[in-house]
Amino acid sequence: MTGLLVGSANARIGLRDGIAVLAGGGSALNAVVAVIRRVEANPDDHSVGFGGLPNLLGDVELDASIMDGRTLATGAVAGLRGYQDAIDLARVVMTELPHVLIVGEGAARLASESGFQLRDLLTPEARQIWASRIENAQPTDLYTAKTRELAARLTRDPERPHDAHGTVNVIARDGAGNIASGVSTSGWAWKFPGRAGDSPIIGAGNYADQRYGAATCTGRGEMAQRCCTAHSVVTFMRFGMPLDDALRLAAEDLHRLDDPYKSEVNIVAIDREGRHAGASTVPGKTYIVMTTEMDEPLELERRYIPPAPDRLANQ
Ligand code: GLY
């Protein structure tokens with residue numbers, strides 16, 4: 001079977017690593033990790049790993065998850081500080097512990113015990129972006145009611161309205177037909193310390209069950225958490241919906257949310273036949289695809305899903 005990688009557009013930098021794994025007969029899980037590892041090491045991607053934008057206090061906190069669509073085994077970390085390889089650590093949780101999600105100090109402890117390299121994840125450039133938006137906010141403001149207003153202001157900058165929500169998504173299908181999915185992020189930039197988004201929450205930002213397909217999300221994680229978006233897409237396919245209809249229904253559910261911080265949610269997904277699609281609650285978004293038969297990745301438009309008519313009628 002042809003090896004396949006599908007991901008968010010920022011996965012491009014790691015696609016060749018993943019294709020090399022698949023072309024060499026490696027597993028979908030190994031391919032997912034190979035792609036995301038490369039993105040996590042990229043200091044120019046301020047939404048993932050090293051160089052990711054920090055929380056309100058200036059600390060970089062990473063979230064990641066991985067899922068094996070063959071067995072439904074999964075592992076995740078949240079609020080990981082000081083270690084860049086969040087996706088590798090999520091895999092350690094999956095394979096070495098009788099748990100699914102390890103957070104904060106426990107995640108850092110596991111990284112240390114697993115021999116991961118400690119690293120200051122805050123690059124000078126990321127620090128400068130963080131500081132320029134924090135402006136005159138005093139540390140004492142951050143734990144008061146002002147936190148919410150501050151977060152809203154920072155994440156609604158009209159010049160860069162969506163850059164607070166970046167994340168990398170990768171779904172792989174290997175030569176044996178097995179599917180795996182992975183997600184990694186530094187989370188909502190300027191987030192309240194300890195906030196975990198959808199990326200480490202299985203069913204919200206990541207889900208794979210290869211009897212039906214897989215789905216992963218980027219964008220405002222709180223919305224995908226509330227709708228269990230990744231699981232919903234896979235479940236809709238389980239109940240017989242074609243991939244496009246499953247994505248449409250999941251996006252319409254997201255539009256229905258009442259959310260003062262409402263922002264975009266983007267989904268990439270594949271069905272059990274390896275058909276792929278990307279969808280978004282906003283127009284103009286892309287996703288990326290590469291197979292073991294292609295020389296170059298293909299960047300494709302995501303389908304924009306507007307609010308469903310009943311929602312419009314209710315407004
Ligand atoms: N989707 C990434 C996040 O909200 O943290």
Side-chain angles (χ1 to χ4, degrees), residues 7-11 36 39-40 45-49 51-57 59-67 76-81 86-87 89-90 101 103-104 107 121 126 129-130 147-148 151-152 154-157 160-171 181-207 214-233 247 250-251 253-254 257 259-269 278-282 285-287 302:
S8 50
N10 59 341
I36 294 181
V39 183
E40 288 173 339
D45 190 326
H46 295 304
S47 67
V48 181
L53 290 174
N55 66 19
L56 276 172
L57 296 181
D59 297 317
V60 180
E61 294 181 325
L62 305 183
D63 300 341
S65 65
I66 189 162
M67 187 156 190
V77 291
L80 172 67
R81 295 187 186 187
I87 195 71
L89 193 61
L101 173 61
V103 305
L121 302 180
I129 297 169
W130 171 80
T147 299
R148 291 177 56 161
L154 292 170
T155 54
R156 284 183 185 157
D157 182 338
R160 304 177 73 184
H162 299 309
D163 68 353
H165 293 111
T167 297
V168 64
N169 289 168
V170 179
I171 300 172
S181 55
V183 180
S184 183
T185 187
S186 47
W188 189 1
W190 300 280
K191 63 193 172 187
F192 197 89
R195 174 265 187 189
D198 59 325
S199 305
I201 305 300
I202 290 303
N206 186 3
Y207 201 76
T216 51
C217 304
T218 60
R220 175 159 162 69
E222 282 75 2
M223 293 169 64
Q225 283 172 308
R226 290 169 67 189
C227 290
C228 296
T229 299
H231 187 264
S232 294
V233 170
L247 287 170
D253 283 349
L254 290 161
L257 291 174
D259 180 356
Y261 303 100
K262 200 169 210 164
S263 181
E264 70 190 66
V265 176
N266 316 293
I267 313 167
V268 290
S280 179
T281 58
V282 298
K285 294 292 177 172
T286 60
Y287 72 106
R302 291 179 193 254

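Since the structure is predicted, the reported quantities are computational estimates derived from the model, not experimental observations. Counting starts at 1 for both ligands and their atoms, following the listed order. The figures that follow rest on heavy atoms only: side chains count, while hydrogens, waters and symmetry mates do not.
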(message) Out of all atoms in ligand 1, which are within 4.0 Å of some heavy atom of G187? Include the element for each.
(response) 5 (O)

(request) Mind checking whether R195 contacts ligand 1 via backbone (N, CA, C, O), side chain (CB onward), both or neither, at a 4.0 Å heavy-atom cut-off? (result) side chain

(request) Indicate yes or no: does an N/O atom of G221 lie under 3.5 Å from an N/O atom of ligand 1? (result) yes

(message) Assess whether a salt bridge exists between E222 and R195, defined as any Lys/Arg side-chain N lying under 4.0 Å from an Asp/Glu carboxylate O.
(response) yes

(request) Can you sort out which atoms of ligand 1 are near W188, meaning under 4.0 Å from one of its heavy atoms? (result) 5 (O)

(message) Going by the rule side-chain hydrogen bond (donor to acceptor under 3.5 Å, both in side chains), which residues pair with T281 if we only count those two or more places apart in sequence or in a different chain?
(response) none

(message) Within ligand 1, which atoms have a heavy atom of T167 less than 4.0 Å away?
(response) 1 (N), 2 (C)

(message) Between N206 (side chain only) and S199 (backbone N and O only), is there a donor and an acceptor less than 3.5 Å apart?
(response) no

(request) Below 4.0 angstrom from a heavy atom of G219, which ligand 1 atoms are there? Numbered from 1 as shown, please. (result) 1 (N), 2 (C), 3 (C), 4 (O)

(request) Give the numbers and elements of all ligand 1 atoms closer than 4.0 Å to a heavy atom of D198. (result) 1 (N), 2 (C), 3 (C), 4 (O)

(request) Please report the closest heavy-atom contact between P200 and A76, naming both atoms and the distance. (result) O-CB, 3.3 Å

(message) Which residues pass the side-chain hydrogen bond (donor to acceptor under 3.5 Å, both in side chains) test with D198, not counting sequence neighbours?
(response) none

(request) Apply the test side chain to side chain donor-acceptor pair (under 3.5 Å) to residues N266 and T218: give CA-CA distance (whole Å), side-chain angles for both, the deciding distance (0.1 Å), then the verdict. (result) CA-CA 5 Å; N266 316 293; T218 60; 3.0 Å; yes

